[in-house]
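Working notes, structure below.
Values reported hereafter were calculated over all heavy atoms of this structure, with side chains retained and with hydrogens, waters and symmetry mates removed. Starting from 1, each residue takes its place in the sequence as its number.
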Amino acid sequence: MEIPAINLKAIVLVHWLLTVWGCMAWLPPSFAWGNFTVLAIGVWAIAQRDSIDAVLMYLMGMTVTILTDIIHFGIYYPLNDYAERGRDVFRFSAGMAILSLLLKPASCFFVYQMYRERGGDYNVNFGFPSVARNREAYQSIDQQDESSSPANPFNQAQDSKPVRTY
């Protein structure tokens with residue numbers, strides 16, 4: 001089964017719209033700052049089509065905002081603070097913010113596919129040194145080069161004149 005190709009512009013646009021609608025009534029400014037900053041990185045990823053770093057930063061930002069959105073909803077969700085007049089706006093705003101949160105894992109999956117298409121490798125390197133066991137670069141001790149022999153260890157030609165050292 002082939003994964004459908006979803007445009008990065010569509011992902012950024014949908015999350016921008018849902019974030020704008022989610023910020024209408026009850027969420028704090030930190031919710032807006034976090035989500036709009038990640039969306040700005042998404043615009044950078046759209047503008048630079050060959051940049052692996054832009055897509056990776058957008059992917060990492062989306063995953064972090066999943067956690068921060070859950071924290072914001074848990075802390076700031078009001079119990080009965082809204083009167084009759086503002087209840088509809090609150091319901092709409094809360095619904096759009098929750099819908100944005102529910103769509104973020106799927107968006108992360110599609111952004112990860114774009115990361116791989118742009119040439120990103122499967123493992124994410126955060127700059128920490130690691131030990132890799134690549135044994136293809138080593139030469140076996142059992143096999144010796146035919147160019148060198150034990151009698152002529154410095155690979156000198158047999159009929160050349162000896163070099164004098166002073």
Side-chain angles (χ1 to χ4, degrees), residues 1-140:
M1 185 172 143
E2 190 172 325
I3 299 168
I6 303 234
N7 196 353
L8 187 59
K9 292 176 188 177
I11 293 172
V12 171
L13 178 67
V14 166
H15 283 287
W16 176 80
L17 188 63
L18 292 174
T19 302
V20 167
W21 285 342
C23 291
M24 284 174 39
W26 61 284
L27 285 167
S30 60
F31 174 83
W33 275 104
N35 282 294
F36 285 130
T37 303
V38 171
L39 291 172
I41 295 171
V43 170
W44 173 40
I46 292 170
Q48 290 188 348
R49 295 177 185 242
D50 296 334
S51 177
I52 298 171
D53 293 334
V55 175
L56 181 63
M57 286 183 64
Y58 182 60
L59 177 63
M60 293 298 143
M62 289 285 281
T63 56
V64 168
T65 58
I66 290 172
L67 178 66
T68 59
D69 288 356
I70 292 170
I71 292 170
H72 279 112
F73 295 164
I75 292 173
Y76 291 102
Y77 194 85
L79 297 176
N80 286 324
D81 291 345
Y82 287 91
E84 279 298 315
R85 191 177 70 209
R87 190 175 358 179
D88 293 335
V89 176
F90 168 74
R91 284 182 181 171
F92 178 77
S93 176
M96 294 301 110
I98 291 170
L99 181 62
S100 176
L101 176 63
L102 292 175
L103 287 178
K104 280 185 183 182
S107 297
C108 287
F109 175 75
F110 289 120
V111 171
Y112 180 71
Q113 294 300 323
M114 289 173 208
Y115 170 71
R116 286 186 22 206
E117 288 172 5
R118 290 188 184 190
D121 47 359
Y122 289 100
N123 55 355
V124 178
N125 185 9
F126 291 107
F128 299 119
S130 62
V131 177
R133 302 192 98 190
N134 184 5
R135 296 177 185 230
E136 295 173 3
Y138 296 108
Q139 183 179 4
S140 175

Checklist entry - Taking the inter-plane angle between the rings of Phe31 and Phe73 on a 0 to 90° scale, is it parallel (under 30°), tilted (30 to 60°) or perpendicular (over 60°)? => result tilted

Checklist entry - Step by step, would you call Trp16 with Val20 a side-chain contact (heavy atoms from CB on, under 4.5 Å)? => result CA-CA 6 Å; Trp16 176 80; Val20 167; 3.7 Å; yes

Next on the checklist: If you compare all heavy atoms of Tyr58 against all heavy atoms of Ile41, which two are closest, and at what distance to 0.1 Å?
Outcome noted: N-CG2, 3.6 Å

Checklist entry - Between Ser93 and Val89, is there a donor-acceptor pair closer than 3.5 Å when you use the side chain of the first and the backbone of the second? => result no

Next on the checklist: Among Ile11, Thr19, Leu13, which residue satisfies the side chain to side chain contact (heavy atoms under 4.5 Å, CB included) criterion with Leu39?
Outcome noted: Thr19

Item to check | Pairing residues for Phe92 by the ring pair (Phe, Tyr, Trp, His ring centres under 6.0 Å) criterion, not counting sequence neighbours | outcome: Trp21

Checklist entry - Do Asp69 and Lys104 pass the side-chain contact (heavy atoms from CB on, under 4.5 Å) test, and can you show the C-alpha distance, the side-chain angles, and the key distance before you say yes or no? => result CA-CA 10 Å; Asp69 288 356; Lys104 280 185 183 182; 2.6 Å; yes

Checklist entry - Between the main-chain N or O of Met62 and the side-chain N or O of Thr65, is there a donor-acceptor pair closer than 3.5 Å? => result yes

Next on the checklist: Taking atom CH2 as the centre, does Trp44 end up with more than 12 heavy-atom neighbours from other residues, nucleotides or ligands that are less than 6.0 angstrom away?
Outcome noted: yes

Item to check | Atom pair CG/CE of Leu59 and Met114 - distance to nearest 0.5 Å | outcome: 10.5 Å

Checklist entry - What is the distance from atom NE2 of His72 to atom CG of Asn35, rounded to the nearest 0.5 Å? => result 8.5 Å

Checklist entry - Closest heavy-atom contact between Ala45 and Arg118? => result O-NH2, 3.0 Å

Item to check | Gap between atom CG of Leu101 and atom CG of Leu18 - 0.5 Å precision | outcome: 11.0 Å

Next on the checklist: Do Cys108 and Ile66 make a side-chain contact, defined as non-hydrogen atoms from C-beta onward lying under 4.5 Å apart?
Outcome noted: yes

Item to check | Leu27 to Gly22 - nearest heavy-atom pair and separation | outcome: CD1-O, 3.5 Å

